[in-house]
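Just so it is clear, the values below take in all heavy atoms, side chains as well, and ignore hydrogens, waters and symmetry mates.
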There are 2 protein chains.
Amino acid sequence: MLKLTKKADYGLMAMKHLAEHADEGACSAKDVAEAYGIPQEALAKILQRLAKVGLVQSQHGINGGYTLTRDPRSISAFEVINAIDGPLFITSCVTVRGECGQSNRCTIREPLRKVNESIEQVLKNIKISQMKEESETIEIRKPAELVTLV
Amino acid sequence: MLKLTKKADYGLMAMKHLAEHADEGACSAKDVAEAYGIPQEALAKILQRLAKVGLVQSQHGINGGYTLTRDPRSISAFEVINAIDGPLFITSCVTVRGECGQSNRCTIREPLRKVNESIEQVLKNIKISQMKEESETIEIRKPAELVTLV
DNA sequence: ACAACTACGACTCTTTAGGTCGCCTTTTAT
DNA sequence: ATAAAAGGCGACCTAAAGAGTCGTAGTTGT
């Protein structure tokens, strides 16, 4: 149903949390998990993935935890989602390794690929720093012109 | 991973097929299934859903099958997907019946809702008649302006 | 060196997408 | 009238992915 996984949700929440608490040093997975009612170990695994791709830095030991490695204004939602859920494809036809299973007769691949690109662009243009609860901070402009006939 | 279900894929393929063969009378589920290598019974169920919401009309008996009820230029990909997969939500936070399970402390709901609306608009602006294999027929315009800061 | 705390990775459980099967109803060609 | 061809509906099965849990290894402060 075209939805993000909970993991991606959690990841975005965690990234936002880290961005907001950057001046207070590292945040442990436990801290973040308790703040939002997320299962602690589940969140830890997500943060580990984010650490693996270099979006956050991990610190062992007492008072350890995670910190952002970059300015939250430069981190897009796409990066986070991609790190957690892997490359996203709107259609099951287009896979990582190439082609459509439907006897290569699938005729909707190309249009949907365009849609996919469009969605990626939307996600790439939303930065962690922009994610606030107030709806006014993000404005979607000219949606009607998004996809047009040539 | 933010992908459409195969059912939705199949549905779009079938709709496109019906649009292209509109002048030849009704197409049976079997015809369409064989044309693209889709399991026949699976496709039949999908076509039944499309018939239920009025996107296609069914005809029993010999030489029966399905026909589009409207001009393919007026049918959007969104309608088809919505009929098959139900309402789509990018985030698992936002459900049909309302609220976020994470103790209502989920802070990314609103920004993601905006993304969701944007995706819906993209899908609403793609019509069945536009779905051709050639990539030139659909142009994504100004993706960089999709989501902007206020 | 020890204890407290954290990250890390393997594993299990649950959900759901995807597909199959069977039986019924409707229509129509003969 | 009848048989064949098509849709209609529901139950069921399977397999994959999502979500969460448990145990282990690694750091750090004292």
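- One interatomic measurement links the two molecules: NZ of Lys52(B) to C1' of dG7(D), which rounds to 13 Å at whole-angstrom precision.
- For the pair Leu47(A) CG and dG9(C) C1', the computed distance is 15 Å after rounding to whole Å.
- By the ring-ring contact (aromatic ring centres under 6.0 Å, His included) test, His17(B) is found to be paired with His21(B), Tyr36(B), residues two or more places apart in sequence or in another chain being considered.
- By the side chain to side chain contact (heavy atoms under 4.5 Å, CB included) test, Ala14(A) is found to be paired with Val32(A), Leu43(A), Leu47(A), residues two or more places apart in sequence or in another chain being considered.
- The distance between atom CG of Leu43(B) and atom P of dA17(C), rounded to the nearest whole Å, is 18 Å.
- Atom-to-atom, CD1 of Ile46(B) to P of dC9(D) comes out at 15 Å; the value is rounded to the nearest Å.
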List the atom pairs, donor and acceptor, that lie under 3.5 Å between side-chain atoms in residues 63-74 of chain B and the rest of the protein, sequence neighbours left out.
unit_1   : atom_1 : unit_2   : atom_2 : d
Thr69(B) : OG1    : Gly54(B) : O      : 2.7
Thr69(B) : OG1    : Leu55(B) : O      : 3.1
Arg70(B) : NH1    : Glu79(B) : OE1    : 3.0
Arg70(B) : NH2    : Ser74(B) : O      : 2.9
Arg70(B) : NH2    : Glu79(B) : OE1    : 3.4
Arg70(B) : NH2    : Glu79(B) : OE2    : 3.0
Asp71(B) : OD1    : Arg73(B) : N      : 2.7
Asp71(B) : OD1    : Arg73(B) : NE     : 3.2
Asp71(B) : OD2    : Arg73(B) : NE     : 3.4
Asp71(B) : OD2    : Arg73(B) : NH2    : 2.9
Ser74(B) : OG     : Asp71(B) : O      : 2.8

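- In terms of the salt bridge (charged side-chain N to carboxylate O under 4.0 Å, His left out) criterion, residue partners of Lys124(A) (sequence neighbours excluded) are, by chain and number, Glu120(A).
- Side-chain N/O atoms of Ser58(A) include one lying less than 4.0 angstrom from OP1 or OP2 on dC8(C).
- Spacing between atom CD of Gln48(B) and atom P of dC24(C) amounts to 17 Å, rounded to whole angstrom units.
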Report all interatomic pairs (protein N or O, nucleotide N or O of nucleotides 20-28 of chain D) with separations under 3.5 Å.
unit_1  : atom_1 : unit_2   : atom_2 : d
dG20(D) : O6     : Lys45(A) : NZ     : 2.5

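- Nucleotide dA17(C) holds its P atom 8 Å from the CG atom of Asp85(B), rounded to whole Å.
- Look at Thr5(A) and you won't find any side-chain N or O under 4.0 angstrom from OP1 or OP2 of dA17(D).
- Evaluation of the side chain to side chain contact (heavy atoms under 4.5 Å, CB included) rule for Gln40(A) yields Lys30(A), Ala33(A) as partners, not counting sequence neighbours.
- For the pair Asn63(B) CG and dA3(D) C1', the interatomic distance rounds to 15 Å; values are reported in whole Å.
- Between Glu41(B) and Lys45(B), none of the side-chain N atoms (NZ, or NE/NH1/NH2) sits under 4.0 Å from a carboxylate O, so this pair counts as no salt bridge.
- A salt bridge links Lys16(A) with Glu20(A): the distance from a Lys NZ or Arg NE/NH1/NH2 to an Asp or Glu carboxylate oxygen falls below 4.0 Å.
- The nearest whole Å value for the distance from the CZ atom in Arg49(B) to the C1' atom in dG19(C) is 15 Å.
- Using a 4.0 Å heavy-atom distance criterion, Ala29(A) is classed as a sugar-phosphate-only contact.
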